[in-house]
Amino acid sequence: MTSLSVEMLAADPVDPITSAGHAQLGIAVLVGIAVIVLLITKFKVHAFLSLTIGSLALGAVAGAPLDKAIASFTTGLGSTVAGVGVLIALGSILGKLLADSGGADEIVDTILAKANNRTMPWAMALIAGIIGLPLFFEVGMVLLIPVVLLVAKRGNYSVMRIGIPALAGLSVMHGLVPPHPGPLAAIDAVKANLGVTLALGVLVALPTVVIAGPLFSRVAARWVDVTPPDRLIPARPSEELERRPGFGVTVATVLLPVVLMLGKALVDIVVDDPENGVQRVADVVGSPLIALLAAVIVGMFTLGRAAGFTKDRLTSTVETSLAPIASILLIVGAGGGFKTTLVDIGVGDMIMDVSKDWNVSALLLGWLIAVGIRLATGSATVATISAAGLMGPLAADMSTTHTALLVLAIGAGSLFFSHVNDAGFWLVKEYFGMSVGQTVRTWSVMETIISVVSLGFVLLLSLVI
């Protein structure tokens, strides 16, 4: 196995800031998570504030000096934002360029033009998978829902038969594949290799989307038959544009960072010589920062200028893309602070001591923790960050591939059974004009299928790599 213990020691203090026993630390963890859950669910406090207060409660119950608990939290917040903040910002810019330029609509229209009645659900899953790579889930929803409703109306399709594959494609990308915030934060927390995680994430995502999307949509269409009113069909972003970028160049721009990062991972495996010139170039070009920055710069020309954007319009697009991610950055950062507080008070050592005699896979344990936090808070991102923080110490002795699989297992758990405490639940319900019960039978069940199926593929991969 390839040990990551050196990286872990460099990232986190060796000595815990409290000498509390296992029982007290266990109670502290439960209290910290309970405070976060109660603040988010009962008192509707923003996740950033909830994570901040929960971290302080965690340190206080563990008996850590308040100044050291605060220092741990702020250190973790700063290092997490430094590690993933720029990547989230670049991903948001690329997604905004894709949406505003009409590039996303071009992908949609081109694929739908080649689809027939039998292949339409598969086409929707493909569309969601492609444009879901750089887009946050909510943005992808806003882009795809008009298409789903229009296609269903014009082609006389069941809304569920078309909509479930689109939702599955977006959700899987959101939970499993970087550069989405959850996977990025988990990669940072457990010190996983981003390229390997990306490659394995795509490998797990493809069959998961097929099962939870086109295949499950057949069942969902029989369970729920809704006809959304015309007022729910919003305008598409490209309707006001005189021209938009071509299909080929749009897909190439979206896939550019993925290709660069996967290329780096492949070179690292094949060459495996840090002094080799090819590997040194690949390490730079395929680093997440350079890969996403390159895609943004290329996208300004292939997407923005191709749509007729002036320099002022490009500047405006970049500015408007950054405002919505402020909340996400703060949540991810606070999650990193919570993770560092957990580690610094000695919870990591406690988990290692307690779990060494358990006959439970670390991958399954990470999934179960993420499931519990997801069910309680409704937030996939909070579930991913918190579970990754708890599981981080267990990743120290894992191989590179198994550390990546741990990220995917946690991501899978974070998607389990979305229900009434999840904003995504209400977004789907309102857009499709469904009742709460209908949303549970379709969206919630689909999310559960994604979670369980992707975990199954992760466990299978862990047996062969």
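Side chain to side chain, R374 and S414 fail the donor-acceptor criterion of an N or O pair below 3.5 Å. Judged by distance alone, the side chains of T315 and E319 never bring a donor and an acceptor atom under 3.5 Å apart. No donor-acceptor contact under 3.5 angstrom links the side chains of T340 and T75, judged on distance only.
At a threshold of 4.5 Å between non-hydrogen side-chain atoms, the residues I410 and W367 do not count as touching. Put simply, the side chain of M160 reaches to within 4.5 Å of the side chain of M434, judged on heavy atoms. Counting heavy atoms from C-beta outward, L408 and F457 have side chains that stay 4.5 Å or more apart. Contact check for I164 versus M124: no side-chain heavy atoms found under the 4.5 Å cut-off. You'll find the side chain of L368 reaches within 4.5 Å of the side chain of L364, heavy atoms only. Looking at T253 and F301, their side chains never come closer than 4.5 Å, going by heavy atoms from C-beta outward. Between W426 and T439, every side-chain heavy-atom pair lies at or beyond the 4.5 Å cut-off. The side-chain heavy atoms of L49 and L39, taken from C-beta on, include no pair separated by under 4.5 Å.
Side-chain N or O atoms of T197 include one that pairs as donor or acceptor with a backbone N or O of N193 at under 3.5 Å. No donor-acceptor pair closer than 3.5 Å links the side chain of T80 to the backbone N or O of L77. S444 places no side-chain N or O within 3.5 Å of a backbone atom of R441 that could act as its donor or acceptor partner. Between the side chain of T403 and the backbone N or O of A192, no donor-acceptor pair lies under 3.5 Å. For T119 (side chain) and A115 (main-chain N/O), no donor-acceptor pair under 3.5 Å exists by modelled atom type.
The two residues V35 and G54 have their closest heavy-atom pair at CG1-CA, 4.0 Å. Taking both residues in full, the closest heavy atoms of T442 and A220 are given as CG2-CB, 4.2 Å, listed atom of the first, atom of the second, then distance. Across every non-hydrogen atom of S92 and S321, the tightest pair is OG-O, 2.6 Å. Between L405 and L363, the shortest heavy-atom distance links the atoms C-CD2, 3.7 Å. Shown here for L184 and P178, the closest heavy-atom pair between the two residues is CD2-CB, 4.1 Å. Nearest heavy-atom pair across L51 and S386 is CD2-OG, 4.4 Å.
F309 carries R313 over the face of its six-membered ring, with the cationic atom under 6.0 Å from the centre and within 45° of the normal.
Between T341 atom OG1 and L56 atom CG the span is 7.5 Å, to the nearest 0.5 Å. Note that CD1 of I131 and OG1 of T250 are 11.5 Å apart. Values are rounded to the nearest 0.5 Å. To the nearest 0.5 angstrom, I127 atom CD1 is 10.0 Å from D105 atom CG. Between the CD1 atom in I145 and the CZ atom in F432 there is a gap of 3.5 Å [rounded to 0.5 Å]. To the nearest 0.5 Å, atoms CE (M141) and CG (L135) are separated by 13.0 Å. Note that OG of S101 and CG of L97 are 6.5 Å apart. Values are rounded to the nearest 0.5 Å.
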Exercise for the section: Could you walk me through whether V37 and K42 pass the side-chain contact (heavy atoms from CB on, under 4.5 Å) test, one step at a time? Expected result: CA-CA 8 Å; V37 170; K42 185 171 181 60; over 6 Å; no

Handout entry: Verdict with reasoning, H46 to I331, per side-chain contact (heavy atoms from CB on, under 4.5 Å)
Key = CA-CA 9 Å; H46 190 273; I331 292 172; 3.7 Å; yes

Practice task
May I have the step-by-step check of side-chain contact (heavy atoms from CB on, under 4.5 Å) for I33 and V29, ending in yes or no?
Solution key: CA-CA 6 Å; I33 292 176; V29 171; 3.9 Å; yes

Exercise for the section: Starting from the C-alpha separation in whole Å, work towards a yes-or-no answer on side chain to side chain donor-acceptor pair (under 3.5 Å) for S451 and E447. Expected result: CA-CA 6 Å; S451 180; E447 287 281 86; over 6 Å; no

Exercise for the section: Check the pair V267 / D283 against side-chain contact (heavy atoms from CB on, under 4.5 Å), numbers first and verdict last. Expected result: CA-CA 8 Å; V267 171; D283 286 345; 6.0 Å; no

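Using the six-membered ring where Trp is involved, H180 and H174 have ring planes that are perpendicular, over 60° apart on the 30 and 60° scheme. Taking the six-membered ring where tryptophan is involved, the planes of F216 and W223 are perpendicular, since the angle between them exceeds 60° and thus also 30°.
With a 6.0 Å radius and a threshold of 12 heavy atoms from other residues, nucleotides or ligands, K429 has its NZ atom above the threshold.
Under 4.0 Å is where a charged nitrogen must lie from a carboxylate oxygen, and between K339 and D188 no such pair does.
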